*Asks:* 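Here it is: the structure, laid out below.
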There are 2 protein chains.
Amino acid sequence: MLEVLRAADDHPTAAEVYERVRRASPRIGSATVYRTLALLVSTGRALELNLGDGAAARYDANTRRHDHAVCDGCGRAVDIDHPVPDGMMAEIARRSGFAITGYDLQFRGLCPDCQANGSDPARTAGGTGQQ
Amino acid sequence: MLEVLRAADDHPTAAEVYERVRRASPRIGSATVYRTLALLVSTGRALELNLGDGAAARYDANTRRHDHAVCDGCGRAVDIDHPVPDGMMAEIARRSGFAITGYDLQFRGLCPDCQANGSDPARTAGGTGQQ
DNA sequence: GTGATACTGAGAGTCGTTCTCAACCAGCGG
DNA sequence: CCGCTGGTTGAGAACGACTCTCAGTATCAC
């Protein structure tokens, strides 16, 4: 299962992980996939992503701290490795009074492919908003 | 409905909005609430928030660009008004090739209340991870 | 009043996820 | 080899959030 996740260069949803794992062991059930995914996440060997489009959670075997850019056209998510400056975190902690332990950051826009193929976001026109 | 949202200083879920609206007009149905919420979001008079905890979407009548800090203890979300520097956006756009139109940023940690009341995250221990 | 149109509420349906429970399996003592 | 125990599994039911469908109702022009 972790192998399936490691082999995936995209960010598969639980359903996609289920489908891929089923190719290797067809008798597996979805409950086991969700259980194992939860286990991997809780032991820190995978990351659960909520890419803010209200859709299913995605999973990522890249456990280093990183963010994502999500394409409004095709829904693809690519990794972004560019941390928020510490100074900004400290400033926000100071202003809000929160003890900040982490953050989730997703950029949205159009991936190079969708920019090339004319810019009509065919998929989930609208998206989550919050912009 | 927009009044209910404007009166809310928290960030209510659709179910909470439904409940509050129902106090004013008890015969309203949930479909109408979801429809109206979607309308408000699509006309830019409200913001839909996915706070990444896998739970229901939240709504916010504050339509200015802003981010949120979510408490791992009580689930409360407070507004943060501290934009990501333009330089960082440009750098990420350049590196990823994306035409970036916006971003969603949520900080997580413990709010001042939960820091005071001992720091056992009673609620959704675990959270979304991605950190 | 009549018909066209738009909106509404109730409830069914869908989707992603979690729960429940019987079946199964490995390990162990006899 | 047999039965027991405790953990894991898969199937399917259950759940919560959300969307769809459809009949009923309101609104309007005529």
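Residue numbers begin at 1 in each chain, while the letters A, B, ... track the order of the sequences. Not measured: the values here are computed from a predicted model.
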*Asks:* To the nearest 0.5 angstrom, please state how far the CG atom of Leu105(B) sits from the CD atom of Gln106(A).
*Replies:* 9.0 Å

*Asks:* Can you name the atoms? Protein N/O to nucleotides 15-22 of chain D N/O, anything below 3.5 Å, with the distance.
*Replies:*
from, atom 1, to, atom 2, distance (Å)
dC18(D), OP1, Ala57(B), N, 2.9
dC18(D), OP2, Tyr34(B), OH, 3.0

*Asks:* Could you tell me if Asp104(A) and Asn50(A) have a donor-acceptor pair between their side chains, going purely by distance under 3.5 Å?
*Replies:* no

*Asks:* Could you tell me whether Asp10(B) and Arg58(B) have a side-chain N and a carboxylate O separated by less than 4.0 Å?
*Replies:* no

*Asks:* Could you tell me if Asp67(A) and His82(A) have a donor-acceptor pair between their side chains, going purely by distance under 3.5 Å?
*Replies:* no

*Asks:* From CD1 of Ile28(B) over to C1' of dG24(D), roughly how many Å is that when rounded to an integer?
*Replies:* 17 Å

*Asks:* Examine dT8(C): is either OP1 or OP2 under 4.0 Å from a nitrogen or oxygen in the side chain of Thr32(B)? Give yes or no.
*Replies:* no

*Asks:* Rounding to an integer number of Å, can you tell me how far Glu19(A) CD sits from dC15(C) C1'?
*Replies:* 16 Å

*Asks:* Mark yes or no: Arg65(A) above the aromatic ring of Tyr103(A), with NZ or CZ under 6.0 Å from the six-membered ring centre and no more than 45 degrees from the axis.
*Replies:* yes

*Asks:* Just the rounded figure in Å: distance from C1' of dG10(D) to CZ of Arg27(A).
*Replies:* 7 Å

*Asks:* Please tell me whether His11(B) and Asp60(B) have a donor and an acceptor in their side chains that are separated by less than 3.5 angstrom.
*Replies:* yes

